[in-house]
Amino acid sequence: MTVDLTAFAHDLGLPGLFDAHTHFLPPRVLAKVRREFDSAGPLIGSAWPLEYRGTDDELVATLRGFGVRRFSALPYAHRPGMAEFLNDWAFGFSDRTPECLRSATFYPEPDAAAYVSRRIDSGAEIFKVHVQVGGFDVRDPLLDGVWGVLEDAGTPVVLHAGSGPVGTPYTGPGPVADLLRAHPRLALVMAHLGAPEYAEFLDLTATYERVRADTTMVFTPFFDRLGAAFPRDLVPRLRDLQPKILLGSDFPNIPYPYAEQLTALARLDLGDDWLSDVCWHNGVRLFGESSS
């Protein structure tokens, strides 16, 4: 079975798809990211032939053609002094792309709490943190103020903390569990369902009211070949967590056609109601149907 992208949302009675995990970056940063994927860099670990390339306008047009009505930019910083440059660019991208959530990032540095607060006041709707690429611990004292600001605001943070595709000393569920004990009202979105530590990250998703998870790349044949196959005995938990699961894809940084993510979700056989919530309603409940 392969999903027909032109019919998928329509057949579910949806106005479109809400993809909470897509990436748009400044051209020079994007070029560097693509080089890392092309060379299967040390944090990627295997061949990763990108399916989609092109300019921002071309990639946005591609998403629209797939029926994606809302998506994100999700920049992520990997060194001090970089976050606000990315945030400026991402805000500009959202200004000229109505479907895109106003996206931002941060890094453990002395002024992080101040600029995160300013970004929230300026309309930031979603943040992205990638501890594997960033090379930092979510418990870094320089982030204490940031987490407090985000907890008070309730602004969602897509957090890549699972140990896939290559684990580092900063990945895994332990640091995130400590973070949530200290800040239990954080609105975290566990990227990739926490792959490959699925059970542990699903436990956190179930335990904390504002914690969610996204489907990014999970259940696809490519992810299975990476050794990140989702355990069949955990599939019923996805039904239990139906209101907390968001569609994510990692577009455009995926090594297969976009439809494979949707095909993989449909193969779970969790029902049209589950698919409808994951692919549209849960995102709308969290962010709204259109940009403010």
Side-chain angles (χ1 to χ4, degrees), residues 20-23 33 36-37 39-50 74-79 105-108 127-140 143 147 156-183 186-208 211-235 237-238 241 244-251 253-256 260-261 264-265:
H21 192 142
T22 62
H23 292 285
V33 169
E36 286 296 307
F37 281 111
S39 63
L43 294 179
I44 295 169
S46 63
W48 200 290
L50 295 176
L74 299 191
Y76 47 94
H78 65 272
R79 57 177 170 77
T105 188
F106 54 88
Y107 190 85
F127 286 80
K128 172 64 186 289
V129 173
H130 200 314
V131 299
Q132 182 218 36
V133 174
F136 61 85
D137 194 310
V138 294
R139 301 166 297 188
D140 190 309
L143 292 177
W147 297 125
V157 181
V158 176
L159 175 63
H160 184 138
S163 299
V166 177
T168 74
Y170 307 105
T171 59
V176 182
D178 289 344
L179 173 65
L180 284 166
R181 279 191 286 269
H183 297 280
L186 276 173
L188 301 182
V189 178
M190 305 303 188
H192 307 277
L193 285 168
E197 294 101 344
Y198 295 114
E200 294 89 339
F201 280 103
L202 286 178
D203 285 344
L204 294 174
T205 303
T207 299
Y208 292 93
V211 174
R212 295 169 175 82
D214 73 42
T215 66
T216 304
M217 299 190 72
V218 187
F219 318 111
T220 64
F222 178 83
F223 227 45
D224 292 353
R225 290 193 297 271
L226 286 184
F230 191 86
R232 291 299 304 177
D233 63 336
L234 291 181
V235 171
R237 298 198 64 188
L238 298 177
L241 292 169
K244 290 188 159 199
I245 308 297
L246 302 172
L247 173 64
S249 68
D250 240 350
F251 177 91
N253 302 326
I254 49 176
Y256 48 75
E260 285 199 15
Q261 178 74 87
L265 294 178

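Going from atom CG of L188 over to atom NE2 of H183 covers 10.5 Å, rounded to the nearest 0.5 Å. How far NE2 of H160 is from CG of D214: 10.0 Å, rounded to the nearest 0.5 Å. In this structure, the separation between CG on L241 and CZ on R237 is 6.0 Å, given to the nearest 0.5 Å.
Residues N253 and H23 have side chains that never bring a donor and an acceptor to within less than 3.5 angstrom of each other.
Nearest heavy atoms, W48 versus I254: NE1-CA, 4.2 Å. The shortest non-hydrogen separation linking A40 to S46 is CB-O, 3.2 Å. Taking both residues in full, the closest heavy atoms of Y107 and A77 are given as CD1-O, 3.7 Å, listed atom of the first, atom of the second, then distance. A191 approaches H21 most closely through the heavy-atom pair CB-CE1, 3.7 Å. A pairwise comparison of heavy atoms in A161 and V176 identifies CB-CG2, 3.6 Å as the closest pair. For Y198 against L193, the heavy-atom pair with the smallest separation is CD2-O, 3.3 Å.
Legend: residues meeting salt bridge (Lys or Arg N to Asp or Glu O under 4.0 Å) with D250, ordered by chain and number and at least two apart, are absent. With sequence neighbours left out, the side chain to side chain donor-acceptor pair (under 3.5 Å) criterion links T171 to S163.
For the pair Y208/R181, a side-chain contact is recorded, criterion being any heavy-atom separation below 4.5 Å from C-beta on. E36 has its side chain out of reach of L43: every pair of non-hydrogen atoms, C-beta onward, lies at least 4.5 Å apart. You'll find the side chain of L246 reaches within 4.5 Å of the side chain of V189, heavy atoms only. Taking the side chain as every heavy atom from C-beta outward, L247 and L265 approach each other to under 4.5 Å. Residues F127 and L159 are not in side-chain contact: their nearest non-hydrogen atoms beyond the backbone lie 4.5 Å or more apart. In this structure, V133 and Y76 have side chains that are in contact, with non-hydrogen atoms separated by less than 4.5 Å. With a 4.5 Å cut-off on side-chain heavy atoms, M190 and T205 count as touching. Between L180 and L204 there is a side-chain heavy-atom pair separated by less than 4.5 Å.
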I would like to know whether T216 and S249 meet side chain to side chain contact (heavy atoms under 4.5 Å, CB included); could you show each step before the answer? CA-CA 4 Å; T216 304; S249 68; 5.7 Å; no
Could you go through the side chain to side chain contact (heavy atoms under 4.5 Å, CB included) check for Q261 and T215 one step at a time? CA-CA 8 Å; Q261 178 74 87; T215 66; 4.0 Å; yes
Without placing hydrogens or testing angles, list every side-chain donor-acceptor pair under 3.5 Å for residues 217-233, not counting sequence neighbours.
unit_1: T220; atom_1: OG1; unit_2: M217; atom_2: O; d: 2.8
unit_1: T220; atom_1: OG1; unit_2: F223; atom_2: N; d: 3.3

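Under a 3.5 Å cut-off, the side chain of T168 and the backbone N or O of Q132 do not form any donor-acceptor pair. A donor-acceptor distance shorter than 3.5 angstrom exists from the side chain of K244 to the backbone of V211, with no hydrogens or angles considered. Between the side chain of H192 and the main chain of P196, no donor-acceptor pair closer than 3.5 Å is present. At distances below 3.5 Å, at least one donor-acceptor pair connects side-chain atoms of W147 with backbone N or O atoms of V138.
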